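Everything numeric in this text was worked out from a predicted model, so none of it was measured.
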Amino acid sequence: MLAIPAAAAALDVLSIPLLTALAFLLALGGLFFDTAATAYLPDLLGRDPALLERANARLRSAQTAASGFAGPPAGSALLALGRSVPLLADAVSFALSALLVRSLPAVPRLAASARESLLRQARAGASYVFQDQLLLGLALRPAVGNVAFLAVETILALFARERLGVGAFGFGLLLTAEATGGLLGAGIASFLGRRLGTGAALTCTAAIEGLAILGLASAPNPYVAGLALAVCGAGMGATMVLGPSLRQAIVPAHLMGRVASTSRMLAMCAAPFGAFLGGWLATTYDLRTPLYAAAGLLLAMTAVTATMTSNRRVETALRREQLAAQLPT
């Protein structure tokens, strides 16, 4: 699919409708891939919580490094060679990724339920999430977080220019600070989980994210804003390791893909609302208002999910899954 806009750009027939359609299809493919990857990892690692945290930390660090550090300068350099070159390079990268995925070890395929429709499978995954307080709490974190963070991202460039007085280069440094914090958070996630307990660590990172956005909203200069973004990135990085690792360790294998897709769908549906909220609040009130609203949402979510993802619930779910794994099949 990425070869299509590359060819269209080279032939000077690239258009917004074409890009819109391809963006939709690429997002759909990304949803399939992420759901399958989430379900595959625990099978590959034997559902070991420690191994899952280590693997997710490495994956998150690699993604942050690629998107936050390597991707932007590489894209700019390739664009200087021609507007179709970055698209062509991206197409080649996906082809190489496909070859790497084909080299991964195969895992036993689960027996499909007889004549079970996709809608019924999706309903089973959603029901499993909404009936389990721990899984619901884990799903609410990225859903509410997406509302808050998209409200921030929508106006962040304008906020940096109008309120912090930084240009394009300074704004790039702010994003670099956030990515650096994300790398740090992913690296210390397992330590936090062992030190505080996974449930308490998740509550702690949620509170850190809310307080960091509050600090960003009241930042008097770019240096404080950069520090706030770095702290927020660290909280997000740790959360993106601890939350998925816990879900992968406690959800039965036959429901993993369905539960993951339910959680991801909640998060994706929340994102446009957050973007709208950020733009509306900035237009109606002030550029700092979306930041204060986002901080309030994150702190309120922290209070609501604290008991849902407590250490006690986490330990109970892990013991239950360990007992289930010991039963004869």
Side-chain angles (χ1 to χ4, degrees), residues 34 37-38 41-42 45 48-69 134-135 137-150 152-153 174-216 226-250 260 263-264 267 294-295 297-311 313-315 317-318:
D34 290 342
T38 299
L41 194 60
L45 301 178
D48 183 291
L51 284 178
L52 286 169
E53 282 188 4
R54 192 184 311 166
N56 280 309
R58 292 178 180 179
L59 287 170
R60 181 65 183 175
S61 296
Q63 290 167 359
T64 302
S67 62
F69 298 102
L134 177 55
L135 289 176
L138 292 175
L140 286 176
R141 284 289 303 273
V144 177
N146 266 6
V147 175
F149 293 130
L150 264 293
V152 173
E153 289 181 14
L174 291 177
L175 297 182
T176 300
E178 184 179 16
T180 303
L183 280 175
L184 175 63
I188 65 172
S190 295
F191 170 78
L192 289 176
R194 292 192 304 269
R195 189 77 174 178
L196 304 176
T198 301
L202 284 168
T203 299
C204 180
T205 57
I208 286 173
E209 291 167 12
L211 293 173
I213 296 299
L214 189 62
L216 175 64
L227 178 61
L229 283 171
V231 172
C232 183
M236 293 171 62
T239 299
M240 293 301 293
V241 172
L242 294 170
S245 299
L246 176 58
R247 185 186 297 113
Q248 289 166 340
I250 64 175
S263 301
R264 187 169 177 82
L297 276 174
L298 290 170
L299 293 173
M301 179 266 297
T302 303
V304 170
T305 60
T307 57
M308 301 173 72
T309 59
S310 65
N311 282 343
R313 287 187 186 275
V314 170
E315 291 164 3
L318 288 173

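- Taking CD of Gln248 as the reference point, atom CG of Asn56 lies at 4.5 Å (rounded to 0.5 Å).
- Counting only heavy atoms from C-beta outward, the side chains of Thr309 and Arg141 never approach each other to under 4.5 Å.
- Ala228 and Gly215 make their closest contact through CB-C, 4.1 Å (heavy atoms, listed as atom of the first residue, atom of the second, distance).
- The distance from atom OG of Ser310 to atom CD of Glu315, rounded to the nearest 0.5 Å, is 8.5 Å.
- Between Leu202 and Val314, every side-chain heavy-atom pair lies at or beyond the 4.5 Å cut-off.
- Taken from CG in Leu297 to CD1 in Ile213, the straight-line distance is 11.0 Å, to the nearest 0.5 Å.
- In this structure, CG on Asn146 lies 8.5 Å from CD on Glu153, to the nearest 0.5 angstrom.
- Here the side chain of Arg313 pairs a donor or acceptor atom with the backbone of Thr307 at under 3.5 angstrom.
- Counting heavy atoms from C-beta outward, Thr305 and Thr203 have side chains that stay 4.5 Å or more apart.
- Shortest non-hydrogen contact noted between Met301 and Leu140 is CG-O, 4.4 Å.
- For the pair Ser190/Arg194, a side-chain contact is recorded, criterion being any heavy-atom separation below 4.5 Å from C-beta on.
- Between the CE atom in Met236 and the OG1 atom in Thr64 there is a gap of 9.0 Å [rounded to 0.5 Å].
- Closest heavy-atom contact between Pro49 and Ala249: CG-CB, 4.1 Å.
- Applying the 6.0 Å contact sphere to CZ of Arg264 captures more than 12 heavy atoms from other residues, nucleotides or ligands.
- Summarising the geometry, atom CG belonging to Leu196 is positioned 8.0 Å from atom CG belonging to Asn311; distances are rounded to the nearest 0.5 Å.
- In this structure, Val304 and Val144 have side chains that are not in contact, with every pair of non-hydrogen atoms separated by 4.5 Å or more.
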Test side chain to side chain contact (heavy atoms under 4.5 Å, CB included) on Leu298 and Leu214 and set out the steps.
CA-CA 10 Å; Leu298 290 170; Leu214 189 62; over 6 Å; no
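- When all heavy atoms of Ala177 and Gly226 are compared, the pair lying nearest together is CB-O, 3.6 Å.
- Closest non-hydrogen pair, Ala207 versus Thr302, comes out as N-OG1, 3.5 Å.
- Leu246 and Thr198 make their closest contact through CD2-CG2, 4.1 Å (heavy atoms, listed as atom of the first residue, atom of the second, distance).
- When side chains are defined from C-beta on, Ile208 counts as touching Cys204, because their heavy atoms get closer than 4.5 Å.
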